[in-house]
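All of these numbers come straight from a predicted model, not from anything done at the bench.
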Amino acid sequence: MPKFSLLILPGDGIGPEVMTEVRRVIDWFIDKRNLGFDIIEDLVGGAAYDIYGTPLHDTTLAQAKAVDAVLLGAVGGPKYDDLDFDVKPERGLLRLRKELDLFANLRPAQCFDALSDFSSLKRDVVSGLDLLIVRELTSGVYFGEPRGIFTEGNERVGINTQRYTESEIERVAKAAFELAMQRNCRLCSMEKANVMESGVLWREVVTRVGADFPEVDLSHMYADAGAMQLTRQPKQFDVIVTDNLFGDLLSDLAAMLTGSLGMLPSASLGAPMDNGRPRALYEPVHGSAPDIAGQGLSNPMACILSFAMALRYSFKLDHEANRLEMAVQSVLADGLRTADLLGEDGTDSVSTAAMGDAILAQLNLSL
Ligand code: IPM
Ligand code: MG
């Protein structure tokens, strides 16, 4: 078995506690499945700011560039709200995405059977839901120049710029078409071509890329209508491709359709490295949840499922990824719930570590 190198960045809030459970899962794969992992751990976000004075130290970035994959917990917290923009915890994450050029962000929204009553939508609207949002992650209004707060006359003006080059649209579109080919061959592209020139170009380029994928049924939607359709009839979608900002919004919306943000993993992929593996960062979609951090209440499943995505996309170990995903599903089917999956009344919930125990027990059964 080849050795895989992993950089683990637990980050802030509940990041460290969910990552503890991921470490146990990784150890299981090392012990029981003979997988070889070289693991380095470092700080990111507020945790890095506290020690290094920056949310992403240059040596951490260099390590991120050297490893096969990065696994990140979460960044941010109220303690850092008043920091300068440049050193806010979120800048650490954004810089990682940008410097590793992780342009394709895969955010699956899957409604686990055992959880379909937790959605705010009716059970039959969401049960069996399985869609994938592919969000462009390294350009658009998140990074476009000019940006800043400037003075014009006697008042200030805040500026951000939506900017997309053809090649930026092309590469993320291609990634989305390829993913659609591995799924149900349906791709819906979302922008605001009715209002934004960048949207007009987006639609044109996606359509052009589509000519190379005749098997894929391509459709286009304005992003606002897309949000509406996602809540009306989410099962009409297979893969959605959209820009950075719309993808941020639509993926939170899609996440909530499934009942809990605590369940959803993500993968951010870039161009292939010399070893043929894509540059990659895996992280749960949930944030740092400072209100519940340190109490053993958080759900480690999204982060564990993010590691499953690493097994699949970085290490091409589909079989092991399935094993881990099945273990998570079995634990849910057995009725185990962390507090986030119990709504108001968290009385019968299990702790973060107990959830980790249960997943390990299911993994043992899979042998
Ligand atoms: C996300 C988050 C980030 C984003 C923040 C933490 C910078 O909301 O990954 O969706 O806006 O991209
Ligand atoms: Mg977001």
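- One finds a salt bridge joining R95 and D58 here, because a Lys/Arg side-chain nitrogen approaches an Asp/Glu carboxylate oxygen to under 4.0 Å.
- Between V239 and V216, the closest side-chain pair of non-hydrogen atoms is not below 4.5 Å.
- A salt bridge does not link K174 with D212: every distance from a Lys NZ or Arg NE/NH1/NH2 to an Asp or Glu carboxylate oxygen is 4.0 Å or more.
- Ring orientation note: the planes of F213 and F177 are close to parallel, at an angle under 30° on the 30°/60° scale.
- Atoms CZ and CG, from R312 and N322 in turn, are 5.0 Å apart once rounded to the nearest 0.5 Å.
- The closest donor-acceptor contact from the side chain of E41 to the backbone of I8 lies at 3.5 Å or more, if one exists at all.
- A salt bridge between D50 and K79 is present, with a side-chain N of the basic residue lying under 4.0 Å from a carboxylate O of the acidic one.
- No donor-acceptor pair closer than 3.5 Å links the side chain of E320 to the backbone N or O of L317.
- Between I240 and L230 the shortest side-chain heavy-atom distance falls below 4.5 Å.
- Between D348 and R337 there is no salt bridge, since no side-chain nitrogen of the basic residue lies less than 4.0 Å from a carboxylate oxygen of the acidic one.
- A donor-acceptor pair is defined here as one N or O able to donate and one able to accept, closer than 3.5 Å; such a pair exists between the side chain of S251 and the backbone of G247.
- Side chain to side chain, R123 and S116 meet the donor-acceptor criterion of an N or O pair below 3.5 Å.
- Note that R135 lies in the cation-pi zone of Y142, set by a 6.0 Å cut-off to the ring centre and a 45° limit from the axis.
- Between N299 and V18 the shortest side-chain heavy-atom distance does not fall below 4.5 Å.
- In this structure, R97 contributes its side chain and L281 its backbone to no donor-acceptor pair below 3.5 Å.
- A salt bridge between R163 and E168 is absent, with no side-chain N of the basic residue lying under 4.0 Å from a carboxylate O of the acidic one.
- Proximity of a side-chain donor or acceptor of K235 to a complementary backbone N or O of D124 within less than 3.5 Å is detected.
- The pair R91-D86 does not meet the salt-bridge criterion, since no charged nitrogen lies less than 4.0 angstrom from a carboxylate oxygen.
- In this structure, A280 and L269 approach most closely via the heavy-atom pair CB-CD2, 3.6 Å.
- Between the side chain of D12 and the main chain of G45, no donor-acceptor pair closer than 3.5 Å is present.
- The hydrophobic clustering, which links ILVMFWY residues whose side-chain heavy atoms are closer than 4.5 Å, places L7 and F307 apart.
- The closest donor-acceptor contact from the side chain of T20 to the backbone of P16 lies under 3.5 Å.
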